[in-house]
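So the structure is just underneath, and the comments pick up after that.
When a residue number appears, it is its place in the shown sequence, counting from 1.
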Amino acid sequence: MMLDVYAQYWRINFLTTLEYRTNFFIWFGFTFVYHGTAIAALYIILQTFPSMNGWSFRDMAFLYGLWMLGHALNNTFFNSVGDIPEHIRDGEFDRFLVRPLDALFQAITLPGQIFPDELILAIAYFCVAVWYSGVHVDAAFVLLVPLIALGGALIDLGISLMISTVAFWFIRVDALRWIVLQLEQEFTRYPLTIYSRGVRLLLAFVFPFAFMNYFPATFFLHKTEDGLSLPPAVGLLTPLIGIAFVAVAYVFWRIGLDRYQGVGH
């Protein structure tokens, strides 16, 4: 039953995208400009500082590509989790509770204008970044990269779900969501080693964005992990970190759901 609902969800998304083509092209253009600007900024910085603690622009292009894969995968399939606070605030969340499907599943599969344009762009950019950075591509690389991208998407999902769950108590969590989003987008562009130890611990174990790209990139680029002195192979734990983080987030979600009493509309 859930698979049928999910298939219908994507069918509606596709039809909605076809209906509002101009909106799609505007969003696609914005996505292209956003990531293009971020990469251009890295290039300009690395022209002034040819290396950041041993990381060249080629290395950081690959670093950005790994993050982009996981982030785009999350935005394609789980982005609507971030809309849960709005549903709670508007009183629409109560509808999820009276339907014969899991409330979180309904939130994830709520029809909207979602199309895998960012994911397509991420895959294309990653292929170019792999070639440009000179990373050795073999069977292990082809097998591991999709798992790491999935793990990165799950990390994003877990963090988004935790933030949305806070809305059961505080209703509005826009500021918290913005802070965490900025933390991810700004701090994942650079190697962990340029930050203070406190920030390194934050990005590795509190909001584990470093597992989306830094640790896996360290492994694939055959670099020594100097940020927290961990073995480079720790980057291969990204799928497990993602699963564990989503599991913790789901437990927190269930706690919040059990205490939800509506917003009085």
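With hydrogens and angles disregarded, a donor-acceptor distance shorter than 3.5 Å links the side chain of R58 to the backbone of Y132. Checking side-chain atoms of R254 against main-chain N and O of Y250 turns up no donor-acceptor pair under 3.5 Å. Under the 3.5 Å distance criterion, the side-chain polar atoms of K223 are matched with a main-chain donor or acceptor of G54. Judged by distance alone, the side chain of T218 and the main-chain N or O of P232 form no donor-acceptor pair under 3.5 Å. Between the side chain of S133 and the backbone N or O of D59 there is no donor-acceptor pair closer than 3.5 Å.
Once rounded to the nearest 0.5 Å, the distance linking OG1 of T188 with CG of L66 reads 11.0 Å. To the nearest 0.5 angstrom, R89 atom CZ is 4.0 Å from R172 atom CZ. Interatomic distance, L97 CG to D102 CG, rounded to the nearest 0.5 Å: 10.0 Å. The distance from the CD atom of E186 to the CG atom of L181 is 9.5 Å, given to the nearest 0.5 Å.
The side-chain heavy atoms of V130 and C127, taken from C-beta on, include no pair separated by under 4.5 Å. Between L121 and F32 there is a side-chain heavy-atom pair separated by less than 4.5 Å. M60 has its side chain within reach of L46: a pair of non-hydrogen atoms, C-beta onward, lies under 4.5 Å apart. Side-chain contact between L42 and Y190 is present, with at least one heavy-atom pair separated by less than 4.5 Å. Side-chain contact between E118 and H35: present, with at least one pair of heavy atoms (C-beta onward) separated by less than 4.5 Å. Residues L228 and R197 meet the side-chain proximity criterion, which asks for heavy atoms closer than 4.5 Å. Side chains of F219 and E225 form no contact here, defined as non-hydrogen atoms less than 4.5 Å apart.
For Y260 and F93, the ring centers are positioned less than 6.0 Å apart. For an aromatic pair to be called close, the ring centres must be under 6.0 Å apart, and Y195 with F187 satisfies this.
Within a 6.0 Å sphere centred on OH of Y34, heavy atoms belonging to other residues, nucleotides or ligands number more than 12.
Taken together through direct or relayed side-chain contacts under 4.5 Å among Ile, Leu, Val, Met, Phe, Trp and Tyr, L240 and L143 form parts of separate hydrophobic clusters. Following chains of ILVMFWY side-chain contacts shorter than 4.5 Å, one can reach L201 starting from V206, so the two form part of one hydrophobic cluster.
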Donor-acceptor contacts, no H, no angles, side chain residues 144-170, under 3.5 Å, sequence neighbours left out:
unit_1: D156; atom_1: OD2; unit_2: H71; atom_2: ND1; d: 2.9
unit_1: S160; atom_1: OG; unit_2: R177; atom_2: NH1; d: 3.3
unit_1: S164; atom_1: OG; unit_2: V81; atom_2: O; d: 2.8
unit_1: S164; atom_1: OG; unit_2: S160; atom_2: O; d: 3.0
unit_1: T165; atom_1: OG1; unit_2: L161; atom_2: O; d: 2.7

